[in-house]
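Notes follow once the structure below has been shown.
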Amino acid sequence: MPWRVMPDDRKAGVMPNPYAVWLSEVMLQQTTVAAVRQYHQKFTRIWPTVAELAAAEDADVMAAWAGLGYYARARNLLKCARAVVADHGGAFPQTYDDLITLPGIGPYTAAAISAIAFDEVSTVLDGNVERVMARLYDDHTPLPAAKPVLMDYAQRHTSNERPGDYAQAVMDLGATICTPKSPACGICPIMVECAARAAGSQTELPKKTPKKPKPTRHGIAYIARRADGAWLLETRPDKGLLGGMLGWPTTEWGDAPDEYEPISADWIESDTEARHTFTHFNLVLRVQTAWLPQDASPNRGQFMPEDTFSPSALPTVMQKAYTLAAATLRPV
DNA sequence: TAGTCGTGGGC
DNA sequence: TGCCCAAGACT
């Protein structure tokens with residue numbers, strides 16, 4: 001990430017911007033660096049400081065987050081920014097104990113911010129560190145039960161003098177060398193100390209409890225335009241899937257789709273379905289489109305003028321539905 | 001504690 | 001192709 005401060009500069013007293021560190025750590029939760037980079041750039045360009053982010057409209061922040069996933073992070077991001085401004089004078093708290101009280105900041109993120117941005121002696125334990133420690137000590141206890149002992153291992157290695165450098169180094173080790181599939185043990189700086197390497201068990205670790213199969217759910221999205229070109233959209237409730245995001249009115253997503261039209265109209269079914277994979281289920285989404293008269297009054301959603309709507313403000317599954325609908329809902 | 005909560009990329 | 005996943009938090 002562009003905000004990173006290399007060890008020599010950190011030794012000279014240069015510290016990273018806490019706002020940039022916080023933003024990146026939240027975005028990186030369960031998300032790849034490649035996906036985060038452009039979003040981090042966009043957020044710091046639009047909202048250069050935590051105070052400016054705190055003053056932003058909810059809808060603008062959700063739209064900027066669209067496509068990155070796990071949308072509760074965006075809602076908590078705003079809550080956190082506003083708490084930093086309201087309760088901490090616009091300056092991020094510097095300790096693990098204070099940081100973890102903030103919305104969206106859990107054990108990992110509190111440790112990462114306090115260590116990286118403030119050089120507090122906090123131990124980061126993310127997926128990378130769990131893997132490094134499980135291998136270093138050849139521990140076959142399956143996750144997540146192994147977390148406490150892996151944290152104990154990780155604390156033994158945390159530097160009292162350079163906790164920020166250590167935190168970044170151990171995660172980089174996991175991200176680039178001690179990787180899940182094909183670890184590059186030959187160039188690993190701690191190869192000779194690694195018990196899994198000695199036992200030949202490195203690719204089996206860390207052990208994980210088996211996961212449940214994903215069910216397939218079905219639903220229908222209704223994509224309608226008014227005569228003036230406005231789109232019928234709705235803001236989803238804060239709680240639950242895609243919470244707080246803009247989207248098309250849809251049926252419930254269940255074993256079998258029930259027909260529920262947001263307004264009576266001559267709906268035309270798209271010839272193909274949108275398929276999308278969520279964390280815990282697969283979705284097959286039928287798409288129906290319609291043109292509505294100018295005086296239409298649907299029982300769900302609200303019309304968004306053509307010139308203020310952008311599909312980029314939608315979560316990916318809704319963008320997929322939009323792509324299918326665009327074939328039959330050409331511009332006015 | 002185990003379920004909920006997105007997405008795109010790699011193999 | 002389907003599965004695994006990637007710098008977790010929240011309930």
Side-chain angles (χ1 to χ4, degrees), chain A residues 1 3-4 20-40 62 65-77 79-80 99-113 115-117 122-133 142-145 147-148 150-151 154 164 166-176 178-182 203 206-217 236-245 247 253 274-283 285 312 314-320:
Chain A
M1 301 297 296
W3 51 259
R4 291 185 67 159
V21 172
W22 163 70
L23 196 55
S24 73
E25 292 302 340
V26 172
M27 287 182 169
L28 284 165
Q29 291 166 7
Q30 298 291 287
T31 309
T32 59
V33 173
V36 163
R37 191 169 286 115
Q38 50 192 332
Y39 283 87
H40 191 272
M62 301 311 288
W65 195 278
L68 197 55
Y70 284 140
Y71 298 100
R73 293 184 297 172
R75 301 194 302 275
N76 285 329
L77 192 79
K79 286 185 192 171
C80 182
L99 286 163
I100 203 169
T101 66
L102 292 167
I105 298 183
Y108 163 75
T109 305
I113 297 173
I116 295 171
S122 303
T123 299
V124 290
L125 185 67
D126 66 345
N128 288 312
V129 182
E130 288 172 357
R131 185 170 56 255
V132 169
M133 294 302 153
L143 286 167
K147 275 178 179 273
L150 295 179
M151 173 56 99
Y166 166 75
Q168 297 184 81
V170 68
M171 288 190 288
D172 283 352
L173 180 67
T176 64
C178 196
T179 55
K181 297 290 176 60
S182 311
T203 56
K207 297 284 189 184
K208 296 187 178 180
T209 55
K211 51 197 61 171
K212 312 180 78 170
K214 273 182 195 179
T216 296
R217 298 181 186 170
R236 299 172 63 89
D238 274 352
K239 296 195 174 187
L241 195 70
L242 308 177
M245 295 300 291
W253 298 344
R275 294 175 183 276
H276 194 74
T277 302
F278 291 96
T279 306
H280 54 292
F281 67 93
N282 299 305
L283 177 67
L285 192 61
S312 68
L314 302 175
T316 299
V317 63
M318 298 294 178
Q319 290 186 30
K320 287 184 180 179

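For clarity, every value in this text was computed on a predicted model and none was experimentally measured. Sequence lines set the chain letters: A, B, ... in the order given, protein chains first and strands last, and positions in each chain run from 1.
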Check: Which whole-number value in Å describes the distance from A:Q38 CD to B:dG8 P?
Finding: 10 Å

Checklist line | Nucleotide nearest A:L241 (side chain, heavy atoms from C-beta), chosen from C:dG8, B:dC5, B:dT7 | finding: B:dC5

Notebook entry, point to check: For B:dG8, does OP1 or OP2 lie under 4.0 Å from any side-chain N or O of A:T31?
Noted result: no

Notebook entry, point to check: Considering only B:dT7, C:dC5, B:dG6, which nucleotide approaches the side chain of A:K208 most closely?
Noted result: C:dC5

Check: Distance between the C1' atoms of C:dC5 and C:dT1, in whole angstroms?
Finding: 16 Å

Notebook entry, point to check: Of the candidate nucleotides B:dC5, C:dA6, C:dA9, which contains the atom at the shortest distance from the side chain of A:H280?
Noted result: B:dC5

Checklist line | Nearest-neighbour nucleotide for the A:K211 side chain, C:dC4, C:dA6, C:dA9 considered | finding: C:dC4

Next item on the list: Calculate the interatomic distance between A:L143 atom CG and B:dT1 atom C1'; express it in whole Å.
Entry: 15 Å

Check: OH of A:Y70 versus P of C:dA9: gap in Å, rounded?
Finding: 12 Å

Item checked: A:R4 and A:Q168 side chains, donor-acceptor separation under 3.5 Å -> yes

Notebook entry, point to check: Whole Å only: how far is the CH2 atom of A:W253 from the C1' atom of B:dT4?
Noted result: 14 Å

Note to self: Is it the case that B:dG6 (base atoms only) and A:T279 (side chain only) share a donor and an acceptor within less than 3.5 Å, ignoring hydrogens and angles?
What the structure shows: yes

Margin query: Quick check for you: among C:dA6, C:dA9, B:dT4, whose closest atom lies nearest to any side-chain atom of A:P107?
Written below: C:dA9

Next item on the list: Go through B:dT7, B:dC5, C:dA9 for me and flag the one nearest to the A:H276 side chain.
Entry: B:dT7

Next item on the list: Identify which nucleotide among C:dC4, B:dT7, B:dT4 has an atom closest to any side-chain atom of A:Y71, counting heavy atoms from C-beta outward.
Entry: B:dT7

Checklist line | Closest nucleotide among C:dA6, B:dT4, C:dA9 to the A:P180 side chain | finding: C:dA6

Notebook entry, point to check: Would you say a side-chain N or O of A:Q30 is under 4.0 Å from OP1 or OP2 of C:dG8?
Noted result: yes

Next item on the list: Give the rounded distance in Å between these two atoms: CD of A:Q29 and C1' of B:dT7.
Entry: 15 Å

Notebook entry, point to check: When rounded to the nearest Å, what value does the distance between C1' atoms of B:dT1 and C:dC10 take?
Noted result: 13 Å

Item checked: Interatomic distance where CG belongs to A:L102 and C1' belongs to C:dA9 [whole Å] -> 13 Å

Checklist line | Distance test, side-chain N/O of A:T316 to OP1/OP2 of B:dT7, below 4.0 Å | finding: yes

Next item on the list: Would you kindly give the NZ-to-C1' distance between A:K214 and B:dG3, to the nearest whole Å?
Entry: 14 Å

Next item on the list: Could you state the atom-to-atom distance from CZ of A:R75 to P of B:dT4 in whole Å?
Entry: 16 Å

Margin query: Centroid separation under 6.0 Å, is that true for the rings of A:F278 and A:H276?
Written below: yes

Notebook entry, point to check: Counting any heavy atom closer than 4.0 Å, what does A:G67 reach on the DNA or RNA strands: base, sugar-phosphate only, or nothing?
Noted result: sugar-phosphate

